[in-house]
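Counting starts at 1 for both ligands and their atoms, following the listed order. In this text the structure is predicted, and so the values were computed from the model without any measurement.
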Amino acid sequence: MRAGLLGIEHLERAEIEAILERAKAFQPAQNQPFVKLDTLRGRLIVNLFFEASTRTRTSFEIAAKRLGADAISITAAGSSLSKGESLVDTLNTLAAMRPDAIVMRHSASGAPHFLARHLPIPIINAGDGTHEHPTQALLDARTILDHRPTLEGLRVAIIGDIVHSRVARSNIFLLSKFGAEIVLCGPASLVPPELARIAPGVRITYDMREAIRGADVIMMLRVQLERQQEAAFPAGEYFQFYGLRLEHLELAKPDAIVMHPGPINRGREISSEVADSQRSVILNQVENGVAVRMAVLERILG
Ligand code: NCD
């Protein structure tokens with residue numbers, strides 16, 4: 001962990017628990033202005049984003065600043081990457097500026113691991129291709145634990161484009177380590193049977209109602225059209241079969257929560273009524289994103 005954070009798969013349970021516990025201390029207190037800390041004063045954190053991002057990039061930046069660090073963000077569109085500079089050359093250039101950590105998002109699975117092997121700087125994976133998105137799983141766990149005493153034995157339905165989702169993979173690894181029961185659901189083209197073997201406690205159903213029945217947590221995912229060569233299903237039918245609507249919520253536990261990492265596509269994977277309902281914790285997830293990323297940065301750099 002001191003060396004960075006590349007994924008959840010190989011992270012110890014104790015490490016995860018420590019981050020989740022520490023993040024609780026960084027959650028904003030009701031009606032109280034945030035106090036800027038100086039834990040990381042004088043440290044420089046570079047956010048390097050080769051893929052689009054709203055929540056992840058801004059929350060890493062806010063987290064760094066709240067801990068007193070300096071943070072700069074570089075996106076592919078505004079950098080020399082768009083002038084043909086290679087990834088290695090861009091990285092060496094950034095390394096020469098001596099940042100204390102690099103937060104990186106890239107469309108290639110394994111890109112941050114490559115970087116970590118070449119630079120003596122802690123690397124934090126902010127999403128690599130279809131592989132992992134560790135801080136998303138951590139903030140999701142923090143959000144679930146704000147509503148449930150433990151992850152053990154919880155029924156979590158993850159619904160949508162599982163095969164292309166780094167969010168799903170990181171969540172599956174984390175939830176499985178803590179003994180949750182995970183049900184994956186979506187069109188067969190996006191939920192191949194072998195996904196049931198990626199971690200203990202995972203099963204698959206292609207029936208949305210069955211996935212939701214008795215669930216404590218319903219986690220919806222966007223269809224990642226940008227990662228598909230050809231359409232995996234007829235677009236018009238998706239919402240009918242796999243879109244979350246109010247009537248589905250009656251099948252879940254009465255106090256079940258609805259999650260989504262964002263960006264949400266209203267009327268595609270989730271109805272507006274559900275997204276804006278009392279059961280939705282989508283904005284709590286965003287809030288916890290800052291708290292969890294503060295805990296991660298403090299742990300790596302503090
Ligand atoms: C996700 C991502 O980029 O992996 N968004 C996020 O970080 N909150 C999910 C998505 O793009 O659908």
At the 4.0 Å heavy-atom cut-off, does E51 count as touching ligand 1?
no
Among Q27, R142, K24, find the residue that satisfies the side chain to side chain donor-acceptor pair (under 3.5 Å) test when tested with N288.
Q27
Please confirm whether R268 makes a cation-pi placement over F239, using NZ or CZ under 6.0 Å from the six-membered ring centre and within 45° of the ring normal.
no
Cation over ring face, R66 and F34, 6.0 Å, 45°:
yes
[atom] - nearest protein heavy atom and its distance:
atom: atom 3 (O) of ligand 1; answer: R166 NH2, 2.9 Å
atom: atom 11 (O) of ligand 1; answer: R222 NH2, 2.9 Å
atom: atom 7 (O) of ligand 1; answer: H133 NE2, 2.8 Å

Please say whether [X] places an N or O atom under 3.5 Å from an N or O atom belonging to ligand 1.
X: T56; answer: yes
X: P263; answer: no
X: G262; answer: yes

Quick check: does any side chain N or O of H248 sit under 3.5 Å from a backbone N or O of R245, one acting as donor and the other as acceptor?
yes
Main chain of G129, side chain of R166: is a donor-acceptor contact present, judged purely on distance under 3.5 Å?
yes
